[in-house]
Structure formats: structure tokens, C-alpha cells
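One structure is given here, and the rest of the page talks about it.
Within every chain, numbering begins at 1; the chains are lettered A, B, ... in the order of the sequence lines, protein sequences first and strands thereafter.
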Protein chains: 2
Amino acid sequence: MKKKITLKQIARELDVSISTVSKALRDSVEISEDTRQKVKAFAKLYNYRPNNIALSLKNRKTKTIGVIIPEIVHHFFSKVIRGIELVANKRGYNVIVGLSNESFDKEVINMQMLANGSIDGFILSISKETLQQQDYHHFKETINQGMPIVMFDRIVNEIDCDKVIIDDSKGSKNAVTKLLSNGCKNVAIITTKDYVSVGKLRTQGYLDALEDFKMSPETDLILKVDDELVSEDHLESLEREIEGLFKRNKAIDGVFAVNELYAIIAMKVARNLGMRIPEDIQFIGFTDGVLSKHATPSLTTVSQHGQQMGEKAAELLINNLEREDEEEHYKTIVIETELIERNSTK
Amino acid sequence: MKKKITLKQIARELDVSISTVSKALRDSVEISEDTRQKVKAFAKLYNYRPNNIALSLKNRKTKTIGVIIPEIVHHFFSKVIRGIELVANKRGYNVIVGLSNESFDKEVINMQMLANGSIDGFILSISKETLQQQDYHHFKETINQGMPIVMFDRIVNEIDCDKVIIDDSKGSKNAVTKLLSNGCKNVAIITTKDYVSVGKLRTQGYLDALEDFKMSPETDLILKVDDELVSEDHLESLEREIEGLFKRNKAIDGVFAVNELYAIIAMKVARNLGMRIPEDIQFIGFTDGVLSKHATPSLTTVSQHGQQMGEKAAELLINNLEREDEEEHYKTIVIETELIERNSTK
DNA sequence: ATCACTAGCGAAAACGTTTGCGTGTTGACA
DNA sequence: TGTCAACACGCAAACGTTTTCGCTAGTGAT
């Protein structure tokens with residue numbers, strides 16, 4: 001087992017100084033062609049690679065990006081990571097991930113672990129608990145210490161940094177408009193509690209679309225699901241809530257759900273109640289997911305282009321990191337959503 | 001913007017030496033109670049945290065685990081990552097991810113990027129291309145340089161290292177046995193080409209089950225799908241192949257698929273051909289996925305317990321890293337599979 | 001023979017830590 | 001008053017790089 005070789009060892013073997021070895025490997029003109037060849041040959045033989053940690057210490061940059069997301073077993077977030085990783089690697093950066101698991105404490109701890117020199121900057125999406133508590137001091141401190149942050153999807157306006165989002169309200173407005181144009185007279189929405197910023201915005205889009213069609217919203221058609229209830233296994237209560245929605249409002253002929261799972265489950269409930277999709281009732285979901293594509297019937301959906309969001313976020317961050325001048329002018333980039341029409345709508 | 005503060009700066013401000021500051025913060029008895037208090041107060045005020053990179057360089061360990069997986073937009077792999085992250089964090093380690101994207105070159109490059117001091121050890125699942133080319137020199141070299149590797153799921157026996165796998169053949173044998181016990185007389189399998197180790201093993205399990213039931217395998221019931229064709233969007237050709245399978249063998253009354261997607265698509269094709277599930281034909285898939293749960297009918301499936309695999313892999317690696325004695329005795333841990341019965345079987 | 005110049009190399013500092021050891025200052029005790 | 005331990009602190013090395021500066025020996029010109 002030959003351990004990693006260092007400049008010092010090469011220097012000793014070849015009976016030259018460390019500086020000579022370093023310079024030879026970096027093709028400095030100071031070093032004679034002869035020694036250069038010798039050093040390079042030896043280095044290649046022993047498969048020398050500069051120690052990254054030493055370089056990081058010296059250069060005071062790590063060429064590593066920290067990513068904090070609430071959850072990784074999630075189609076959207078993993079697509080974002082793929083996007084981040086893609087451009088990060090292309091530009092010579094590594095990606096280190098932390099999962100907040102939707103918890104405020106884990107978000108803070110994770111950021112602290114990484115902020116102590118391990119990374120050059122953050123890309124993150126805020127956890128639900130943090131959004132609920134509205135405690136953003138850890139973001140502010142991080143930025144104050146000179147470490148740039150790019151937020152995506154779940155953002156908060158108070159923090160001054162680069163952001164990558166989709167136009168949630170526009171995306172859902174389009175979706176609901178589609179339902180209304182398709183002839184739906186009673187469109188319900190299944191959404192989350194308001195503290196989830198994207199849930200709130202998507203609900204707004206729903207209301208906007210109704211207004212465009214001169215329809216007034218009915219409270220009874222708006223179902224705000226408590227997110228706690230939908231933790232992987234507590235789907236029955238969700239089903240019951242949706243079933244209640246349908247039974248109270250027999251006239252519902254269109255459903256817009258703020259995520260894929262809600263839509264899929266709603267379709268299932270509807271089918272069990274004997275409704276035909278899309279003849280009697282049409283569905284549109286919101287997401288990037290795999291469920292929509294393979295559901296029966298396949299679900300019309302608003303795509304968020306997660307990978308593209310990741311790519312954009314990484315570009316913003318790296319550009320910021322590599323910018324010489326200090327003109328900090330934070331951007332907010334809006335990724336266009338796209339309505340992917342499948343068989344759950346006419 | 002107050003930059004990160006260092007020992008040196010604290011020392012200068014308090015007019016003591018760097019060593020004194022360091023010792024005071026680490027509660028050394030060498031330092032008087034007085035100075036200790038003073039230093040600590042100052043450090044807290046300025047929110048001092050030791051620079052991780054400097055520590056890594058000094059200790060020659062980074063407390064970081066490198067994870068290389070073929071794909072992250074994948075329910076199984078993201079569950080594994082969640083498991084790794086869970087125990088890694090608990091034990092004070094970070095996780096840095098690299099995606100090979102099923103490519104040999106990217107796998108090699110990613111490993112090289114990380115092996116130069118950035119991490120203490122690898123957890124990885126081999127890319128398809130690497131498996132196909134059977135070129136494992138990068139693994140051997142990494143291990144030779146003293147960096148431990150834990151492989152999971154897609155492993156290869158030639159490499160001597162810790163491994164975490166499921167008993168693929170046993171898992172699928174159980175599944176197929178279930179189908180046969182349920183009365184199926186003609187069970188087909190939809191699998192991958194043989195170079196994917198797990199595909200091969202799962203096919204073996206299928207054959208084993210048949211043998212137990214004194215049935216001889218029919219080549220026509222074994223569909224080996226070329227994985228190239230199933231890249232997200234080329235699903236039509238897969239559908240056509242499966243349709244062909246069904247049309248050639250009208251008697252098929254059970255299908256075992258080596259992954260979730262194949263099973264879902266097969267169900268769809270069957271339904272289009274007018275078969276009833278599970279009355280006329282039963283299905284079982286292999287995976288950890290989300291599709292199975294929400295499909296209609298929901299799919300009976302062999303669960304791989306991805307998160308548990310990740311946890312185990314991380315434990316193995318960290319134990320190895322923190323072990324004092326050099327007794328390298330590599331283990332292979334087998335995670336039990338579990339047959340989750342849903343509505344696609346009787 | 002003297003000088004200036006250059007090619008080729010080495011010494012040392014710096015990045016931020018930790019830690020073994022040396023040293024100076026106390027106070028107590030003989 | 002002299003000796004000695006205990007106490008409190010600083011020095012310096014080490015981790016592996018890169019880079020600035022300086023040194024030496026050799027070359028060519030005068």
C-alpha cells in the first residue's frame with residue numbers, strides 16, 4: 001500500500017528542493033529542461049497529485065459548493081442537484097450535500113458544519129420549519145461573513161442574495177386557465193397551508209385565473225392540506241379529506257393540485273367515486289415528478305424544470321465566486337414553467 | 001462584512017500568543033482561569049470557529065465521505081444517500097456526492113477529483129459502463145493508496161473491500177415463488193442484459209423459483225431489455241417489446257420485472273390488451289420506488305431498503321476509518337429484502 | 001581581469017491549526 | 001537570602017502547497 005506521495009518526498013528522492021519540484025511540475029521557465037523532465041517523469045511514475053486540502057488552505061478557496069435541501073428522496077430536489085452537479089463539475093467544483101430534513105435545527109447545524117472553511121458558497125432551499133418560524137438569522141450571518149448564498153424554489157424576500165425561482169403563480173394560473181378553457185365550471189384546488197411560500201403563490205395563481213374568467217372563488221373549493229398529515233404513510237387522512245371535498249361539492253369538474261402526489265391521490269379518489277377522467281373531471285398537477293408520467297391516466301402537469309434551476313443556481317453562485325470586482329448586484333432568475341399536457345385533461 | 005476570524009487575529013487583539021488562544025479555547029490546564037475566560041468571551045463575541053481546512057491538513061483527515069452513484073434522479077439511490085447522510089452526520093462526517101451518470105470516464109474523473117485529499121473514503125455503486133468494460137483499475141488504485149471503499153448494490157467480486165448488497169436472487173426467487181404459489185402457470189420475466197450484475201442475479205432467482213416448482217424455463221418468457229432503449233423518453237420501444245412478449249405468449253398469467261418501471265409499463269400494456277389485473281395476470285416489481293405505491297392497481301414489489309443500505313455502508317466505512325488496528329477484514333453485508341404485497345397480486 | 005548579467009536553483013513565508021517543550025515569573029520554604 | 005516547584009505562557013514545528021526573493025556559478029563583453 002503506497003500512500004499518497006508529496007512534493008517533499010519527490011524532492012528528497014531526486015535530491016532537489018521542494019520549490020524546484022513544484023516549479024518543474026508547473027512548467028516554470030526557471031527550471032531547466034533537464035530537471036523538468038526528470039521531475040515530471042518521477043511524478044508520473046508515482047502518480048503524484050497535489051493535495052487538495054493544502055491547496056484549499058493556501059488559496060483560501062475550496063472549489064466546493066455546499067447544497068442544503070430539505071429532502072433528497074424527492075424527484076424535484078434530486079433533479080436540481082443533478083443540474084448543480086452538472087455545471088459545478090464542468091467548472092471544476094465539487095458538490096457537498098446537506099439535508100435539513102425540513103428541520104430548522106438541522107438546517108442551522110448543517111450550515112455551520114460547512115461554513116467553517118469547507119465550502120466557498122451555498123445553494124439552498126429553505127426548510128418548512130424555518131419558513132414557519134421565520135427565523136433567518138443563519139442566512140444573514142453566513143452572508144455577512146462573506147459567504148455567498150443562492151436560494152432556489154423556496155426563498156424568502158428578506159434575505160438579499162441571488163435567487164432562482166419559477167413563477168409559481170403564473171404557472172398555476174396557466175394550469176387553471178387551461179381547465180377553465182376546457183370548459184370546467186367548478187375548479188377546486190388542493191394546496192398546502194400558507195406558510196409554504198410556493199403553496200401560497202400557487203393558490204394565488206388559481207385565484208388570478210378565476211378572476212380572469214370573472215368567476216368568484218368559493219372557499220369550499222379550496223382545500224388546504226396540513227402537510228404534517230402527508231408524511232409518506234398518512235395518506236389515508238389525505239384521501240378522506242379529498243373524498244370530503246368531492247362529496248360536499250358534487251359539481252366539481254376540474255382539480256388543480258399544487259403537487260404531484262395530491263393530484264394522483266385525488267384522481268384515485270375520484271375514480272373510486274365513479275367519476276371518469278377526463279370526461280367528468282379533469283386534473284392538473286404541479287411538479288417535475290415521475291408519477292405524473294406513469295399514472296393512469298397520465299397526469300397533465302406544470303413542469304418546474306428542476307435541473308435547469310440547479311444549473312442556473314450553480315452558474316449564479318460560481319460567477320459570483322469568481323467575480324473580481326465587488327459589485328454585488330443580486331439577481332432573481334425566473335425559470336419558465338411549462339404545461340405538459342397528458343391524458344388527465346381534455 | 002466581517003470576515004471569518006482566526007486564532008491569529010484573536011491573539012493579536014488580546015495581546016497573547018496564538019498557542020495561548022488555542023489552548024484556552026480547548027480548556028487546557030496550562031492556561032489560567034482568567035485568560036481562559038477572556039479568550040472564550042472574545043471568541044464567542046466574534047463567533048470564532050476553527051477553520052476546517054486547516055484542521056484537515058493538520059490531522060490528515062477530512063471527516064468527509066465521498067459518494068459516487070450512477071444517477072441521483074432515482075428513488076433507490078436517493079434513499080441510499082439519505083441513509084448515508086443520516087449516519088455520517090450523526091458521526092460528525094460530511095457527504096460529498098459525485099454522479100457518474102453511468103459513464104466510466106465520469107466515474108474515474110470524479111474519483112480522482114475527490115481522492116486527492118478531499119475525502120477520507122468512498123461509498124459507491126458502479127456505473128453500467130464500468131461494469132460492461134470490466135475495467136476496475138481505478139478502484140484498485142484508490143484502495144492501494146490507502147483510501148477505503150465501500151461498494152453497495154452494484155458490486156464486483158474482484159475488488160477486495162467492504163460491500164453492502166441485497167440478496168438479489170433470493171429476493172426475486174421469493175417474488176416469483178409468490179406468483180407460482182398464487183397459481184400462475186406461465187410466469188414471464190422482464191429483465192436487463194446480463195452485464196448489469198443485479199439484473200443477472202435477479203434472473204437467476206427467477207430460474208431458481210421455477211426449478212423449485214419443477215418447471216423448466218422457456219426462453220420465450222424471458223425478455224432481456226436493452227437498457228439503452230429506456231432512457232427516459234424511449235419508452236415506446238419498450239412498450240412494443242413487451243406487447244410482443246404478451247402477443248407471442250397468450251398464456252402468460254404472471255410477470256416479474258427486475259425494476260419498477262418495467263413492471264408499471266408492463267401493467268399498462270397488459271391493461272391495453274384487455275387483461276384484468278390481478279384476475280387474469282399478476283405483477284411483481286423490484287425496487288424501492290414511489291411508482292409502485294401509487295400505481296393503479298398498486299404494485300406488489302420487492303423492497304430493497306435503500307436507506308438501510310446507505311446507513312450500513314456509512315457505518316462500515318466510518319468504522320473502518322476510525323479503527324486503530326490495521327486488521328483489514330472486509331465484510332459483505334446482506335440486507336434482507338421484503339415482499340410488499342399490494343393489489344397487483346392476488 | 002573585471003564586470004554585468006542570467007540561468008538555475010533553494011530558502012522561507014504564508015494559509016490556520018494543534019501541541020510538546022522551553023522559559024520566565026511567582027511564591028513558599030529552608 | 002537562596003533554591004525549587006508550580007504556574008502561565010510563548011516558541012516552533014508540522015501538515016502540503018505556491019510563490020517571492022535571493023543566492024551562486026557560469027557566461028560573455030569590455
Protein-nucleotide distance ([X], atom [atom1]; [N], atom [atom2]), rounded to Å:
X        : N      : atom1 : atom2 : answer
A/Arg60  : C/dA14 : CZ    : P     : 11 Å
A/Asn59  : D/dT18 : CG    : P     : 8 Å
B/Ile18  : D/dA12 : CD1   : P     : 12 Å
B/Arg36  : D/dC7  : CZ    : C1'   : 12 Å
A/Leu57  : C/dA14 : CG    : P     : 13 Å
A/Leu7   : D/dT17 : CG    : C1'   : 6 Å
B/Ile31  : C/dT18 : CD1   : P     : 13 Å
B/Asn116 : D/dC15 : CG    : C1'   : 16 Å

Are side-chain N/O atoms of [X] and [Y] paired as donor and acceptor at under 3.5 Å?
X       : Y        : answer
B/Arg91 : B/Asn319 : yes
A/Thr35 : A/Ser32  : yes
B/Thr62 : B/Asp120 : yes

Answer with base, sugar-phosphate or nothing: what part of the nucleic acid does [X] contact at a heavy-atom distance below 4.0 Å?
X       : value
B/Ser22 : base
B/Ser32 : sugar-phosphate
A/Leu55 : sugar-phosphate
A/Ser56 : nothing

[N] phosphate, OP1 or OP2: any side-chain N/O from [X] under 4.0 angstrom?
X       : N      : value
A/Thr35 : C/dC9  : yes
B/Tyr48 : C/dT17 : yes
A/Lys8  : D/dC15 : yes

From the list [options], which nucleotide is the closest neighbour of the side chain of [X]?
X       : options                : result
A/Glu30 : C/dG10, C/dT17, D/dT17 : C/dG10
B/Ala54 : C/dG16, C/dC21, C/dG10 : C/dG16
B/Pro50 : D/dG16, C/dT17, C/dG10 : C/dT17
A/Asn51 : D/dC9, C/dG16, D/dT17  : D/dT17
B/Arg26 : C/dT18, D/dG22, D/dC11 : C/dT18

Problem - Close side-chain approach of B/Phe76 to B/Met309, heavy-atom, < 4.5 Å - result: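 Yes; the side chains approach each other to less than 4.5 Å.
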Any N/O donor-acceptor pair, [X] side-chain to [N] base, under 3.5 Å:
X       : N      : value
B/Lys23 : C/dG20 : yes
B/Ser19 : D/dC11 : yes
B/Glu33 : D/dC7  : no

I'd like a table of donor-acceptor pairs (distance under 3.5 Å, sequence neighbours excluded) in which one partner is a side-chain atom from residues 111-119 of chain A, with atom names and distances.
{"residue": "A/Asn116", "atom": "OD1", "partner": "B/Lys4", "partner atom": "NZ", "Å": "3.3"}
{"residue": "A/Asn116", "atom": "ND2", "partner": "A/Gln112", "partner atom": "O", "Å": "2.9"}
{"residue": "A/Ser118", "atom": "OG", "partner": "B/Asn52", "partner atom": "ND2", "Å": "3.3"}

Exercise for the section: Select from B/Ser17 and A/Thr6 the residue whose nearest nucleotide in DNA chain D is closer to the 5' end of that strand. Expected result: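 Upstream on the strand: B/Ser17.
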Handout entry: Minimum heavy-atom distance between B/Ile318 and B/Ala88, given as atom pair plus value
Key =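 Nearest heavy atoms, B/Ile318 then B/Ala88: CD1-CA, 4.1 Å.
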